[in-house]
There are 2 protein chains.
Amino acid sequence: MAPTPPLSLPVSPRHPKETVNQWAYRSLRQAVMVGLIPPGRSLTIRDVAAALAVSTMPVREALRRLASEQALEVQDNRRIQVPQMTVAKFRELCELRIALECHAAERALPYVTPARIDQLTQIDRRIDEAQAAGDREGVTIHNQDFHRHLYEANPHQVIMPLVESVWLQLGPFTRLALSKLNDFYHVDRHSEALAALKKHDLLALRIALEADIRDGITHVGTAELLSAYVENAGMVG
Amino acid sequence: MAPTPPLSLPVSPRHPKETVNQWAYRSLRQAVMVGLIPPGRSLTIRDVAAALAVSTMPVREALRRLASEQALEVQDNRRIQVPQMTVAKFRELCELRIALECHAAERALPYVTPARIDQLTQIDRRIDEAQAAGDREGVTIHNQDFHRHLYEANPHQVIMPLVESVWLQLGPFTRLALSKLNDFYHVDRHSEALAALKKHDLLALRIALEADIRDGITHVGTAELLSAYVENAGMVG
DNA sequence: ACGGGTTAAACGTGATCACATTTTACGGGA
DNA sequence: TCCCGTAAAATGTGATCACGTTTAACCCGT
């Protein structure tokens, strides 16, 4: 077996006023979210620090934070890796996402203003543009923006951090769903959600959201695709 | 106004094989959970490190982790404190807890065995004993054990970390609910839940759980108690 | 050629130090 | 007496180092 490659991370430019810690966290998070780090690949603090050209300290804090958000997994208190995915776990995460986000939408609905609906419509347009351009990462980002912007209509925000954690756990594997999704015609669930928002129709909103999430995700669980990827990833470590 | 007291933390004994980091995290978490650190009280890394008689490094990692779990709040990138509670936020957390835990129970139900029901019954007995002994902290701990042990029947666990985060955010304020609760006769929702488990009756389980959570929590939200505490705590900082 | 034991490299952890930024305290001017 | 500006103390951040443990490599014996 070939020795593990030296771990190259895409270094996004560091924002001004951003601490090294935040930058390392952001970089690693992004890498995990888009599936750049294969599950089972063991990360060492020193390696990541070298890849980012910083000292070990900010890196280990970033790694630990991601671990506490379930994005990474500390194996036996030694190795750190992206958790392995199983079909059952994937299903659990999918159902959790639906329950959590439907609840978030319900709690946000009373605070949704016409102005926010306009903003959501704009974001939805950006999703379509990215989809048309074949920009999968853009689709993911804008799709998350759409959901986030809906739930954050609620000014007493407590749910989003949990939602983000679930997104992070599903992240490495949703990229697959999107690639599959492009092949099919796919009804625009966001339009349905927007219509429900305009009518303040909670039930219709829940239905649209659940369908949207299932569209983006469940195909993977039912298809042989995930299994293949899971097994493949399992061999990488 | 009196100068802020020098922050004394109850130092639980350090487990063998436990890193300083883990110990600091556990100590701080416990302190937050039982409401020992008043909301608004600003914590400094050096102070906590001094109180625990360790260096600053493990402490800042513990603090950051608690912040990422929403147990603490980094104010303007300088001050760290237990977040202030508002009535609206409290309600959001309560509703979130219900939604999350009912979902967790639903996903766990198919895996609940008679053996586990027995264990749950034993834990429930311990709750009653603590209640009879007036041991509020014991009640809290065993109550959490009960819920955790139910949800963890599901072997593909992804929900508990989120539940723990919500518990942690409610923790500093539930102690009030319990003190109030002792004054009233209070139907044993856990018995109802156990009965529902034995019948594999999902709906009854959800109803019992929701009632249990509301019993333990919502009284605070409706009573003037929380408001009083919130305002009081707001003046502490 | 294969396996086990020894040794060296690698790693996580935690302490200490230096530096930049922020907060606090003090004192002078209106 | 009340601001406000300046200086000193305090704080977070990040780098470096030392130590104990774990992992990996290597060599010798069979």
Side-chain angles (χ1 to χ4, degrees), chain A residues 1-7 9 11 13-29 37 40-68 71-82 236-237, chain B residues 1-7 9 11 13-29 37 40-68 71-82 236-237:
Chain A
M1 186 185 295
T4 55
L7 177 66
L9 285 176
V11 283
R14 183 169 151 206
H15 297 165
K17 280 285 180 182
E18 188 183 38
T19 66
V20 177
N21 187 351
Q22 293 167 328
W23 175 67
Y25 171 76
R26 202 163 50 81
S27 303
L28 281 168
R29 186 184 209 278
I37 305 174
R41 169 75 150 91
S42 74
L43 300 176
T44 68
I45 297 178
R46 282 173 161 93
D47 280 354
V48 176
L52 264 52
V54 294
S55 90
T56 62
M57 168 124 32
V59 170
R60 58 201 247 200
E61 292 182 348
L63 286 175
R64 265 213 254 266
R65 175 165 174 194
L66 285 167
S68 90
L72 296 177
E73 188 182 47
V74 279
Q75 201 68 310
D76 52 349
N77 146 346
R78 197 73 176 170
R79 292 284 181 234
I80 297 177
Q81 60 176 40
V82 175
V236 171
Chain B
M1 186 184 295
T4 55
L7 177 67
L9 285 176
V11 282
R14 182 167 152 208
H15 298 164
K17 280 287 178 179
E18 188 182 40
T19 66
V20 177
N21 187 353
Q22 294 167 326
W23 175 67
Y25 171 76
R26 202 162 49 80
S27 304
L28 281 168
R29 186 183 209 278
I37 306 175
R41 169 76 150 90
S42 74
L43 301 176
T44 67
I45 296 178
R46 282 173 163 92
D47 281 352
V48 176
L52 264 50
V54 294
S55 89
T56 62
M57 167 122 32
V59 170
R60 57 199 249 201
E61 291 182 349
L63 287 174
R64 265 214 253 267
R65 174 166 174 193
L66 286 166
S68 90
L72 295 177
E73 189 183 48
V74 280
Q75 200 67 310
D76 52 349
N77 137 346
R78 198 73 176 167
R79 292 284 181 234
I80 298 178
Q81 60 176 43
V82 175
V236 170

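- In terms of the side chain to side chain donor-acceptor pair (under 3.5 Å) criterion, residue partners of B:Arg65 (sequence neighbours excluded) are, by chain and number, B:Glu69.
- At least one side-chain heavy atom of B:Gln81 sits less than 4.5 Å from a side-chain heavy atom of B:Gln75.
- Rounded to whole angstrom, the span from the CG atom of B:Leu52 across to the C1' atom of C:dG14 amounts to 14 Å.
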Can you check nucleotides 15-18 of chain C for protein contacts, nitrogen or oxygen pairs under 3.5 Å, and list what you find?
unit_1, atom_1, unit_2, atom_2, d
C:dA15, OP2, B:Ser55, N, 3.1
C:dA15, OP2, B:Ser55, OG, 2.3
C:dA15, O5', B:Ser55, OG, 3.4

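- Take B:Arg26 and apply the salt bridge (charged side-chain N to carboxylate O under 4.0 Å, His left out) test, not counting sequence neighbours, and it matches B:Glu18.
- Closest heavy-atom contact between B:Thr44 and B:Arg79: CG2-NH1, 3.8 Å.
- Summary for the helix from C:dA1-D:dT30 to C:dA30-D:dT1: the axes at its two ends, each from 5 pairs, differ by 10° when rounded to the nearest 10 degrees.
- The interatomic distance linking B:Ile45 (CD1) with D:dT13 (C1') rounds to 8 Å, in whole Å.
- In this structure, OH of B:Tyr25 is placed 15 Å from P of C:dT13, rounded to the nearest angstrom.
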Please list, one pair per line, the donor and acceptor atoms closer than 3.5 Å that link side chains of residues 52-60 of chain B to other protein atoms, with sequence neighbours excluded.
unit_1, atom_1, unit_2, atom_2, d
B:Ser55, OG, B:Met57, N, 3.4
B:Arg60, NE, A:Glu61, OE2, 3.2

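- Put simply, CZ on B:Arg79 is 13 Å from P on C:dT22, counting in whole angstrom units.
- Evaluation of the side chain to side chain donor-acceptor pair (under 3.5 Å) rule for B:Ser27 yields no partner, not counting sequence neighbours.
- Here C:dT13 presents its P atom at 12 Å from CZ of B:Arg65, a figure rounded to the nearest Å.
- For the pair B:Asp47 CG and C:dT24 C1', the computed distance is 15 Å after rounding to whole Å.
- Distance CD (B:Glu18) to P (D:dT21): 17 Å, rounded to an integer number of Å.
- When the P atom of C:dA20 is taken as reference, atom CG of A:Asn21 falls 19 Å away, rounded to whole Å.
- Within the model, atoms CZ of B:Arg64 and CD1 of B:Ile80 stand 7.5 Å from one another, a figure rounded to the nearest 0.5 Å.
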